[in-house]
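Both backbone and side-chain heavy atoms feed into the values below; hydrogens, waters and symmetry mates do not. Counting begins at 1 with the first residue of the sequence. Remember, it's a predicted structure, so these values are computed and weren't measured experimentally.
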Amino acid sequence: MVDRDEAWDFHLRSLSSNTRDSNFANDPASDPSLLNSVKKLSELCKAEKSEDLIARVYPQLNKIFQRSVASISESRTSNGLLWLAILQFFLDFGELVLHDADPSLRTFFRSCLSREFADPIVAEATLDFLNVNKRKLLTSFPTLLPQFFPLLLKLIAWNGEKLEKSFLKVFPGLMSPGSFLPLFPSLVDLPILVVALERVERSSGSLIGSSIASIQKSTAPEMLLALMDEAYTGSTIGDEGADSESEDSNTMAVADPLFLELLKDENDGLAERHWTSTRMAAALQVATNTPQSDRLKQALNMAPRLLDVYFTVAMREVDDSLICALIPLIMARNATLFRDKILSYQVQKRLLEFMLAAFHRSPHFIALLKKPIVDRLGEAYDSPAKTELALQLCWAIGEHGGGGGSHKDAARELFESLELLLYENLSSSRLGLRDSALSSGSSTSRKSQLRLLCFVVTAIAKLATYHRELLPRARVSLAKVARSQISNVRVWRRARDYLGLMNEPAICSSVLGPSRPSHGCMQNPGTVNWTDGGSKMIAHIPFYILGEQEDPPAHDFSFSDILPRRQGN
């Protein structure tokens, strides 16, 4: 007991000495004993559970915290660990001393972590602090982490995979109704964030101790312009010569918003990212052609894993309205990614899988998102990524009946878009289906184009099976494909098979109907409801035996028509 009282008095005097000592007035964290005293006093307060002791410590810690905040811009010492220790005291005993920790926490993010996120010791301590207090932060301060998710992404982007496990425990707390949509492009662009941070470091020195926010708000636009130009084009202001005042050389208009969006610390909503601009395309090309740093390689590995967690939480906890709003963003970003083959494959795979899962859970999304879906179908041949997206959209349209039985108008408009896509390719050699065109295009491109057209034909047949008022138009479309001389044999055969199925409505509903019972269509997949047909038909021979017959079988047939005869009989 005596030793404990002596320790208590010693550490309390240490706090009082720091608050009075003029040597530490402008930099309290420079006192080497201060951090240890704060931690020891917190431990003693927890052990004693004495309100009197807590009340004696709190004023000293609050005074040190406020002095650190006032002098942070002039401090040459890391404040992160000291601030985290004081914040832990505020969270543990805030109710007893009537201290609202929310302003202190936000001050830590804005004033301290924004300057020290690149310090590996502070970064690790911050994630440990957030994990230890995760439950309290999510219940008492639910908007804190979602507000500062860009800063936390900078932390993990810079410090890499060694902190990934700890960051993933915090990551679900970054998601809220206000951050769900803005978080998606930030995750997809994690490698580009690393490129931007590395450029800033090369241009302005170490990121530790200097706030990027102060660079963004600099009153010297020439310095900012030079920094952005070097970061995104690989050149400098001086490279543009005497004509630097021309419109073509003015990078501020495009690069400035993009730069500020990438390196911001707080969530200010969903902002447009001009990845399709010519300057951004040039910047991505420069980043692709330069050797990848270890930090960038780690970001390329982490981005798909972060998306996995993001999509898992989204399907489990996020409101349908937000998921519906996310799908157009997914479609827009599917073909606009950092130019790394492995990353592009892994991210695109996850984007398309989530989109299809969302359509499967909520088929009416297809009708609600009719306009962006039609737009993406119109871009089907702009790039391989857009072709694959259009292919998956065709499958979803057919599989889910264009949104369901209650969305007939949307289904009709989607059907018309599929028709247009089909007729465009029947009236020209755009797909390269003619023999003369096959030799000029690449094999991979031809295969993907043929695959898309097969999916278009299938979607038309499935959509007409779901909405029977479209059957006459579907028969016309498929008949044109079947009679076409430019169609590939696979496409031609598929169109002919679907036309044959449509003559037997019961079998057609079983084969081309929805894969699961839905409202207005209660038939289980793979079963034949003969009452749906115009007449009943009885056959004791399994249908698969007739699969190799080129011509449709007659209703009356014998086994000799199916089984080969033995020679000599």
Side-chain angles (χ1 to χ4, degrees), residues 39 42 45-46 54 58 61-62 65 80-81 83-114 116-117 122-159 163-187 190 264-270 302-303 305-323 325-326 354:
K39 290 183 177 180
S42 296
C45 287
K46 286 183 179 180
I54 295 170
Y58 168 71
L61 291 184
N62 191 41
F65 185 81
L81 299 182
W83 283 32
L84 288 171
I86 296 176
L87 288 173
Q88 188 63 62
F89 183 92
F90 290 165
L91 288 178
D92 290 338
F93 308 109
E95 294 182 0
L96 295 176
V97 297
L98 301 179
H99 178 89
D100 181 8
D102 185 67
S104 302
L105 290 166
R106 295 179 187 276
T107 300
F108 166 76
F109 280 98
R110 289 193 179 106
S111 300
C112 183
L113 191 61
S114 64
E116 301 183 19
F117 70 88
V122 174
E124 183 176 7
T126 298
L127 292 179
D128 290 341
F129 171 83
L130 296 178
N131 277 309
V132 168
N133 300 284
K134 180 167 57 176
R135 180 172 297 181
K136 182 176 292 186
L137 292 174
L138 294 179
T139 55
S140 301
F141 315 102
T143 63
L144 179 70
L145 297 183
Q147 179 178 347
F148 291 97
F149 82 78
L151 179 56
L152 293 173
L153 286 182
K154 285 160 66 174
L155 182 150
I156 190 62
W158 191 257
N159 292 280
L163 298 182
E164 180 183 2
K165 185 176 181 180
S166 181
F167 180 77
L168 287 176
K169 295 177 182 179
V170 177
F171 180 73
L174 274 59
M175 299 175 63
S176 73
S179 67
F180 177 69
L181 294 179
L183 183 57
F184 168 70
S186 297
L187 295 177
L190 189 69
K264 66 184 182 181
D265 289 337
E266 298 184 45
N267 170 29
D268 53 8
L270 186 64
M302 289 190 295
R305 295 194 288 264
L306 291 175
L307 282 172
D308 284 337
V309 179
Y310 176 82
F311 287 141
T312 299
V313 175
M315 293 300 289
R316 186 177 65 240
E317 300 179 7
V318 175
D319 184 81
D320 271 4
S321 61
L322 286 174
I323 293 181
L326 175 64
F354 175 79

Quick check: closest heavy atoms across [X] and [Y], and the distance to 0.1 Å?
| X | Y | result |
| --- | --- | --- |
| Ala123 | Asn159 | CB-ND2, 3.4 Å |
| Leu91 | Lys136 | O-NZ, 2.8 Å |
| Lys134 | Lys169 | NZ-O, 3.1 Å |
| Leu145 | Gly173 | CB-O, 3.6 Å |
| His99 | Phe90 | NE2-CD1, 3.4 Å |
| Asn133 | Phe129 | ND2-O, 2.8 Å |

Quiz item: Do Ser176 and Thr143 pass the side-chain contact (heavy atoms from CB on, under 4.5 Å) test, and can you show the C-alpha distance, the side-chain angles, and the key distance before you say yes or no?
Solution: CA-CA 8 Å; Ser176 73; Thr143 63; over 6 Å; no
Spell out, as yes or no, whether a donor-acceptor pair under 3.5 Å connects the side chain of [X] to the backbone of [Y].
| X | Y | answer |
| --- | --- | --- |
| Lys154 | Phe117 | no |
| Asn131 | Ser166 | yes |
| Ser42 | Phe89 | no |
| Ser140 | Leu137 | no |
| Glu116 | Gly80 | yes |
| Asn267 | Gly178 | yes |

Rounded to the nearest 0.5 Å, what separation is found between the [atom1] atom of [X] and the [atom2] atom of [Y]?
| X | Y | atom1 | atom2 | result |
| --- | --- | --- | --- | --- |
| Phe171 | Thr312 | CZ | OG1 | 10.0 Å |
| Phe93 | Gln88 | CZ | CD | 9.0 Å |
| Leu152 | Ser186 | CG | OG | 11.5 Å |
| Glu317 | Met175 | CD | CE | 7.5 Å |
| Phe184 | Leu307 | CZ | CG | 6.5 Å |
| Leu155 | Glu124 | CG | CD | 10.5 Å |

Are the side chains of [X] and [Y] in touch, meaning some heavy atoms are under 4.5 Å apart?
| X | Y | answer |
| --- | --- | --- |
| Phe167 | Leu174 | yes |
| Leu326 | Phe311 | yes |
| Leu322 | Pro177 | yes |

Q: On the 0 to 90° scale, with breaks at 30° and 60°, tag the Phe65-Trp83 ring pair as parallel, tilted or perpendicular.
A: tilted
Sorted by chain and number, sequence neighbours left out, side chain to side chain donor-acceptor pair (under 3.5 Å) with Asp128 holds for none
Checklist line | side-chain contact (heavy atoms from CB on, under 4.5 Å) between Leu138 and Leu144, intermediate numbers included | finding: CA-CA 8 Å; Leu138 294 179; Leu144 179 70; over 6 Å; no
Apply side-chain contact (heavy atoms from CB on, under 4.5 Å) to Val313 and Phe180, showing your working. CA-CA 10 Å; Val313 175; Phe180 177 69; over 6 Å; no
May I ask you to check whether Tyr310 and Phe354 place their ring centers less than 6.0 Å from one another?
no
Residues Asp265, Leu113; criterion side-chain contact (heavy atoms from CB on, under 4.5 Å); working and verdict:
CA-CA 10 Å; Asp265 289 337; Leu113 191 61; over 6 Å; no
Tell me whether the count of non-hydrogen atoms from other residues, nucleotides or ligands lying under 6.0 Å of CZ in Arg316 goes above 12.
yes
